[in-house]
Amino acid sequence: MRKLSFLTVGIAVALVACKADLGVPNSNNPDIGQALARPGDVESFILNSYAQMQQASFGVNGSIMPSLLTMAFENASGLANWGMGPRSAMPRAAIANSRGNPYEAENLVQYARLPRAARVAANGVVALRRPGFTIGSVSADQRAMAFAYLVMGAANGNLALVYDSVSVVTPEDDVAPGAPANLLGYAEGMAIALQQLDSAIAISARSDAQAATPPGFTLPASAINATAYTSTQLIQITRGWKARLRAGVARTPAERAAVDWPAVIADANAFLPGDLIITASAAAPAPTGAVWTVATAQHEQYDTWTQQTPMIVGMADSVRTGGAACAAGDCYDAWLATAINSRYRILIRTADQRFPPGETRDAQRTSSGSTPTANFPNPPAGTNRYFRNRRPTDPTGEAFAVSFYDFYRFQAFWTTNNTPMPVMTRAEMDLLMAEGYIRTGDFGNAMTKINITRVGKGNLPPLAGITDATSPISASGSCVPRVPQPPNFTTAACGNIMEAMKWEKRMETLLTHLGAWFIDSRGWGDLPVGTPLHFPVPFQEMDARAKPSYNLGGVGGIGAAAVGTYGF
């Protein structure tokens, strides 16, 4: 049988994993050959691997995920936990990557666990390729093979999104035991991930064409908890992964502009007609043993864990300079005109109905659905609130980070811990298409895609009549978004169609997947100067390769963002 390679320090093969990951008894020295000889176990390994990929990406708070949130202002917290406060401080510092750094464990989590999920899937493919081996039918074999390639592509792709170099997992690995696979740059690693996703599509399509009645296959509901997707739907999901990864791998505005946008448009258009949803909980029901977690529950505690800094959501504020509120300093323009380390909480008065309406804080608290005895309320009936004006005591934090607002669109997950959660949305795909249309000069189709959520979720005026990428979308004082203006970035003005797209993308992807705002913001050039564009290969991995560790980011440092779109 093919030899299995070491891909991250401490991981010989992914089958050395916890029972919750694999759904089989764990031992310190499992007989891998024996496990891969049993058709039922091979199928179980593969079908449980998506859960491992999901958890590795976005299911662990003690990882780089919370830092990615605060570095892009998707969340704000001054706590040192998981690097949230230190990595979002202004000016930005480099990611420390030496032995003994305070976040050495967090830096390693995605780097260790994503290849583990990919390795489980790859080992399954190795078994399926053995002459004469079958799970039980052509359809079952094709189902397992297609799903394995989806998991490999998603896991390798997510790794390439957030680290500067990766060790890609494939079924073809044939490295001597103990020898690490070669490190590849993020672009080369992503190219392999996209090829793996193409394989998943081709195998699923072949199943649709070859299988007897009924055509194709259906996944068990436990594979992507808790929907039994068909082979046709698996192709649609895989196309969504391709769209997300192909656009997201870009590190700079130049790389984002060079993305193959027609391919992104085609893949995003082919995604599911609705959202990809998992039922997240502490653990899936027996017998799968797979863990389906989404690491947002800690953030739903609010207090010092999370608040929505005006750095981004302040762009919803529709109060213009010269009004009474602005004269008193209570508006986005006055906030921008204040030195960054002297800023403060402002009331956001906006036409975007994802925010609570009201001219006073008490009015906004009422329209948020808050009551004195309900710190975690549901939105008022018939409304579409994503944000609330908080009733509990306001948390402390950096001057630029503090606000009155919490994001609580997914608060029901915290209260029930067994809630359907969108992890890839139709809105994300529509807005990837919109970006592609903007970049290719098709403003009519771009407006159509942006308006789906702009009107349907925000109840904002639809975009109309836009024929270029630079003109403001509206002359109205209630324009959303209003963005900081050069050269001093101390006032705001109505944004262009690109800013309208970015606003919708942020609103609709917040806390849905790994680095949602971070990955987009670096490609758009919106990260603060000095923000690391990606994480370095963790020192533990570099030690295993007998190579020196290195840092990335920091003002003036290697791998850092330049001055951003909004002047910070």
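- Among the candidates Arg251, Arg506, Arg244, Arg256, the single residue satisfying the salt bridge (Lys or Arg N to Asp or Glu O under 4.0 Å) test with Asp520 is Arg256.
- With rounding to the nearest 0.5 angstrom, the CG atom of Leu47 is 7.0 Å from the CG atom of Leu219.
- Side chain of Thr309 to main chain of Phe400: a donor-acceptor pair is present (N/O by atom type, distance under 3.5 Å, no hydrogens or angles).
- Note that Arg239 lies outside the cation-pi zone of Phe271, set by a 6.0 Å cut-off to the ring centre and a 45° limit from the axis.
- Here the shortest heavy-atom pairing between Gly557 and Ala560 reads O-CB, 3.5 Å.
- The ring pair (Phe, Tyr, Trp, His ring centres under 6.0 Å) search around Tyr186 returns His534, not counting sequence neighbours.
- A pairwise comparison of heavy atoms in Ser204 and Ala146 identifies OG-CB, 3.3 Å as the closest pair.
- In this structure, Phe387 and Phe355 have parallel ring planes: the angle between them is below the 30° cut-off, well short of the 60° mark.
- At least one side-chain heavy atom of Leu69 sits under 4.5 Å from a side-chain heavy atom of Leu511.
- Arg116 CZ to Ser49 OG: the interatomic distance, rounded to the nearest 0.5 Å, is 13.5 Å.
- In this structure, Thr453 OG1 and Met507 CE are separated by 10.5 Å, a value rounded to the nearest 0.5 Å.
- Checked by atom type, the side-chain pair Ser57/Asn158 shows a donor-acceptor distance below 3.5 Å.
- In this model, a donor atom of one side chain and an acceptor atom of the other lie less than 3.5 Å apart for Asp468 and Ser471.
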Evaluation steps, side chain to side chain donor-acceptor pair (under 3.5 Å), between Trp503 and Asp352: CA-CA 11 Å; Trp503 178 256; Asp352 192 329; 3.0 Å; yes
Apply side chain to side chain contact (heavy atoms under 4.5 Å, CB included) to residues Ile224 and Ile237 and explain how you reach the verdict. CA-CA 11 Å; Ile224 302 179; Ile237 292 167; 4.1 Å; yes
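- Pairing each heavy atom of Leu161 with each of Met190, the nearest pair is CD2-CE, 3.7 Å.
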Between Asp164 and Leu552, does a side chain to side chain contact (heavy atoms under 4.5 Å, CB included) hold up when you go through it step by step? CA-CA 9 Å; Asp164 72 316; Leu552 288 176; 3.9 Å; yes
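- Without hydrogens or angle criteria, Arg92 side chain to Ala89 main chain gives a donor-acceptor distance under 3.5 Å.
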Could you check Val480 against Met315 for side chain to side chain contact (heavy atoms under 4.5 Å, CB included), going step by step and ending with a plain yes or no? CA-CA 7 Å; Val480 177; Met315 297 180 196; over 6 Å; no
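- A side-chain N or O of Arg87 and one of Ser67 form a donor-acceptor pair less than 3.5 Å apart.
- Side-chain contact, Tyr566 with Glu499: a donor N or O sits under 3.5 Å from an acceptor N or O.
- Of the possible donor and acceptor atoms, one in the side chain of Thr350 sits under 3.5 Å from a partner among the backbone N and O of Ala316.
- In this model, no donor atom of one side chain and acceptor atom of the other lie less than 3.5 Å apart for Thr425 and Asp275.
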Check against side chain to side chain contact (heavy atoms under 4.5 Å, CB included), Val423 and His513: CA-CA 6 Å; Val423 293; His513 60 274; 5.6 Å; no
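- At a cut-off of 3.5 Å, with distance as the only test, no side-chain donor of Ser318 or Arg349 sits close to an acceptor on the other residue.
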Start with the C-alpha distance between Trp82 and Trp305, add both sets of side-chain angles, then the distance that settles ring pair (Phe, Tyr, Trp, His ring centres under 6.0 Å), and finish with yes or no. CA-CA 11 Å; Trp82 316 313; Trp305 291 103; 5.3 Å; yes
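- A heavy-atom distance below 4.5 Å is not found between the side chains of Arg522 and Trp517.
- Remark: Leu276 CG to Met421 CE distance equals 12.0 Å, nearest 0.5 Å.
- The two residues Ala148 and Val125 have their closest heavy-atom pair at CB-CG2, 3.5 Å.
- A distance-only check finds a donor-acceptor pair linking the side chain of Asp333 to the backbone of Ala492 [under 3.5 Å].
- Looking at Asp260 and Pro262, their side chains come closer than 4.5 Å, going by heavy atoms from C-beta outward.
- Ala118 and Asn156 get closest at one heavy-atom pair: CB-OD1, 4.2 Å.
- Using a distance-only test at 3.5 Å, with no hydrogens or angles considered, no donor-acceptor pair links the side chain of Ser368 to the main chain of Arg388.
- Ionic pairing of Asp526 and Lys502 is present here: one or more N-O contacts between side-chain nitrogen and carboxylate oxygen are shorter than 4.0 angstrom.
- Contact annotation: the side chain of Ile277 never approaches that of Thr227 to less than 4.5 Å [non-hydrogen atoms, C-beta and beyond].
- Of the possible donor and acceptor atoms, one in the side chain of Tyr163 sits under 3.5 Å from a partner among the backbone N and O of Tyr111.
- Here the CZ atom belonging to Arg409 is positioned 7.5 Å from the CG atom belonging to Asn384, to the nearest 0.5 angstrom.
- Remark: the backbone N or O of Tyr405 is paired with a side-chain donor or acceptor of Ser403 at under 3.5 angstrom.
- Between Lys457 and Glu508 there is no salt bridge, since no side-chain N of the basic residue sits under 4.0 Å from a carboxylate O of the acidic one.
- Two residues are said to be in side-chain contact when any heavy atoms from C-beta on lie closer than 4.5 Å; Phe443 and Ile497 meet this criterion.
- If you take OG1 on Thr238 and CG on Leu234, they are separated by 4.5 Å, rounding to the nearest 0.5 Å.
- Thr509 contributes no side-chain N or O that, together with a main-chain N or O of Glu428, makes up a donor-acceptor pair within less than 3.5 Å.
- The pair Asp430-Lys449 meets the salt-bridge criterion, with a side-chain N (NZ, NE, NH1 or NH2) lying under 4.0 Å from an Asp/Glu carboxylate O.
- For the ring pair (Phe, Tyr, Trp, His ring centres under 6.0 Å) test, residues two or more places apart in sequence or in another chain that qualify with Phe73 are Phe568.
- Annotation: side chain of Ile46 is not in contact with side chain of Val120 (no heavy-atom distance under 4.5 Å).
- The shortest side-chain heavy-atom distance between Trp261 and Met433 does not fall under the 4.5 Å cut-off.
- Counting only distance, with no hydrogens or angles, the side chain of Asn225 and the backbone of Thr279 share a donor-acceptor pair below 3.5 Å.
- With hydrogens and angles ignored, the 3.5 Å screen pairs a side-chain donor or acceptor of Glu504 with a backbone N or O of Arg454.
- Residue Pro481 comes nearest to Cys479 through the heavy atom pair O-SG, 3.5 Å, listed as atom of the first residue, atom of the second, then distance.
- Each of Gln110, Gln55, Arg113, Glu106 was scored for a side-chain hydrogen bond (donor to acceptor under 3.5 Å, both in side chains) with Ser63, with one residue passing: Gln110.
- Residues Thr170 and Val168 have side chains in contact (heavy-atom distance under 4.5 Å, counting atoms from C-beta outward).
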